[in-house]
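What you see below is based on every heavy atom in this structure, not just the backbone, and it leaves out hydrogens, waters and symmetry mates. This chain uses plain numbering: 1 for the first residue, then up along the sequence. Both ligands and their constituent atoms are indexed starting at 1 by order of listing.
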Amino acid sequence: MTDKSRVLIFDTTLRDGEQSPGATMTHDEKLEIAMLLDEMGVDIIEAGFPIASEGDFEAVSAIAKASKNSVIAGLSRANYKDIDRCWEAVKHAARPRIHTFIGTSPLHRGITNLGTEEMLERIHDTVTHARNLCEDVQWSAMDAIRTERDYLCRVVECAIKAGATTINIPDTVGYTLPSESSDIIAMLLEKVPGADEVIFATHCHNDLGMATANALAAVSAGARQIECTINGLGERAGNTALEEVVMAIKVRKDLMPFTTGIDTTKIMHLSRRVAQVSGFPVQFNKAVVGKNAFLHESGIHQDGVLKNVETFEIMRPADIGLTETNIAMGKHSGRAALRTKMRDLGFELADNQLNDVFVRFKALADRKKEVYDDDLIALLTDSTANTDHDFLQVKWLRVICGSDGQEAELKMLVDGVEKTAKCAGDGPVDACFKAVQAIYPTTAELKIYQVHAVTEGTDAQATVSVRLAEDGRIVTGSAADTDTILASVKAYVGALNRLRVRSQKTAPDADVKSISYKL
Ligand code: KIV
Ligand code: ZN
């Protein structure tokens, strides 16, 4: 890379983000998100961990085949089997990358039973192996921040000598501070022979809420690749949020004279889609993409913004693709208006999707006086639940609730066969979930049940997310409806459908659950 001010954006929503318990996406969802990332100008898309399961392998291969601009990377541990499997998946891309890693801190060396010299040998062998398959090899020192500085210099030098073209310095447990993050990159650039010939990457987790600051500090010291996810999705407190680092670089050009290749007007759409397909809603006050990020409630702020928008706004809603559309939607609106409106909101719907959303839009418009933009977006959330192809389908629900007790009567199709149940419960949602279980007994454990109102008003739609766990698999189902109880049942049934699809499709490599580096 000749332009020293250019910062590469490496998106790992589909790998580190999807690793977040419950954020599992289907094959088609992963492909859709990857294509949106590709169009947005992400330089490298980490599409998955090919050895982890057949599903991961297929998703990475499909993304590699379909990608137009981005480099497509797959993750692999430091062993030949992982690396070969990764290559088999990414090799279809116009620009493939193998990303291989090993934990270098004393804690990780302890659990992998590799001494310092043995680990150096392992790094040399695996990076060389990867480099013999692929020209573009990224090597990561997992838990780099807690690795002894001298040893970190030695492992990085070893990986560079073996042919790695990108060196990633992860803060795997979100432990570092901005000053330390920049010091480490500066030290590596100064001390490691060959450091000026590779790209240094920063990969920060957000356990102390500093992932964005730490990533930017690393860039100020010379790192030129930021690893991040949309909405900061990721294990525990998540990863560096793509939208935050990209907008920080754009807004504070005065202090950070860098550029990215990101079309920022596509950020909002991606944020919404990732929230929908992962089942992880974005918190209202989330930087850049939260619902309140551009709202001015207090009198002083409103007054200031009306007089001069720059008083309280450091970026414009339009910069991230948040546009006000002027088509009002109601029960008389037709298909063409819906298509245009959805396009304005950033959603390009295929004909069959449009038909599906249109039917649900009409039903909603019959019940609700005004259909807001957020209502339309929520209709897409609902498309993940209860489609005609699903194994379990909700056909009909009646609920009695109030001071005299709660009871649910439910009719569902189970693999095309009609079944009904009537159950009492501790509240209407409990009664409904019991009715689902009476029809379709399951050992799946309910991990999260959450409800959000899409808009204001008592006729607002509710989006409901239900996260279930069974045999080590975690899935999330989401649905939206003005009837919160019905949305809850659809979300629950959607999650059960996902569990079933996952148990049929995935054959996890037993090794992946442990950190195994067997060659
Ligand atoms: O956080 C981490 O260390 C990782 C590596 C696999 C790069 O995600
Ligand atoms: Zn990570």
Does either side chain, that of [X] or that of [Y], offer a donor lying less than 3.5 Å from an acceptor on the other one?
X: Gln138; Y: Gln225; answer: yes
X: Ser140; Y: His99; answer: yes
X: Tyr449; Y: Ser488; answer: yes

At a cut-off of 2.8 Å, list the protein N/O/S atoms near the Zn ion (ligand 2), residue plus atom name.
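Short answer, with waters excluded from the count: Asp16 OD2, His203 NE2, His205 NE2.
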Is Asp143 reaching over with its side chain to a backbone N or O of Gly103, donor-acceptor style, under 3.5 angstrom?
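No.
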List, one per line, each side-chain donor-acceptor pair under 3.5 Å for residues 199-217, sequence neighbours excluded.
{"from": "His203", "atom 1": "ND1", "to": "Glu227", "atom 2": "OE1", "distance (Å)": "2.8"}
{"from": "His203", "atom 1": "NE2", "to": "Asp16", "atom 2": "OD2", "distance (Å)": "2.9"}
{"from": "His203", "atom 1": "NE2", "to": "His205", "atom 2": "NE2", "distance (Å)": "3.2"}
{"from": "His205", "atom 1": "ND1", "to": "Gly238", "atom 2": "O", "distance (Å)": "3.4"}
{"from": "His205", "atom 1": "NE2", "to": "Asp16", "atom 2": "OD2", "distance (Å)": "3.2"}
{"from": "Asn206", "atom 1": "OD1", "to": "Met210", "atom 2": "N", "distance (Å)": "3.1"}
{"from": "Asn206", "atom 1": "OD1", "to": "Ala211", "atom 2": "N", "distance (Å)": "3.0"}
{"from": "Asp207", "atom 1": "OD1", "to": "Arg236", "atom 2": "NH2", "distance (Å)": "3.0"}
{"from": "Asp207", "atom 1": "OD2", "to": "Arg236", "atom 2": "NE", "distance (Å)": "2.6"}
{"from": "Asp207", "atom 1": "OD2", "to": "Arg236", "atom 2": "NH2", "distance (Å)": "3.4"}
{"from": "Thr212", "atom 1": "OG1", "to": "Glu244", "atom 2": "OE1", "distance (Å)": "2.6"}
{"from": "Asn214", "atom 1": "ND2", "to": "Thr176", "atom 2": "O", "distance (Å)": "3.2"}
{"from": "Asn214", "atom 1": "ND2", "to": "Met210", "atom 2": "O", "distance (Å)": "3.1"}

What does the 4.0 Å heavy-atom contact list look like for ligand 1?
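Near ligand 1, by chain and number: Arg15, Asp16, His99, Phe101, Ser140, Met142, Asn168, Pro170, Thr172, His203, His205.
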Can you measure from CD1 (Ile262) to CG (Asp11) and round to the nearest 0.5 angstrom?
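Between Ile262 CD1 and Asp11 CG, I get 8.0 Å after rounding to 0.5 Å.
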Please determine whether the number of non-hydrogen atoms from other residues, nucleotides or ligands lying under 6.0 Å from atom NZ of Lys447 exceeds 12.
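Incorrect, the count does not exceed 12.
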Below 4.0 angstrom, N of the basic side chain to O of the carboxylate: do Arg154 and Glu157 qualify?
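Result for this pair is no, no salt bridge flagged.
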Identify every side-chain donor-acceptor pair in residues 246-254 under 3.5 Å, counting partners at least two apart or on other chains, and give the distances.
{"from": "Arg252", "atom 1": "NE", "to": "Asp254", "atom 2": "OD1", "distance (Å)": "3.1"}
{"from": "Arg252", "atom 1": "NH2", "to": "Asp254", "atom 2": "OD2", "distance (Å)": "2.9"}

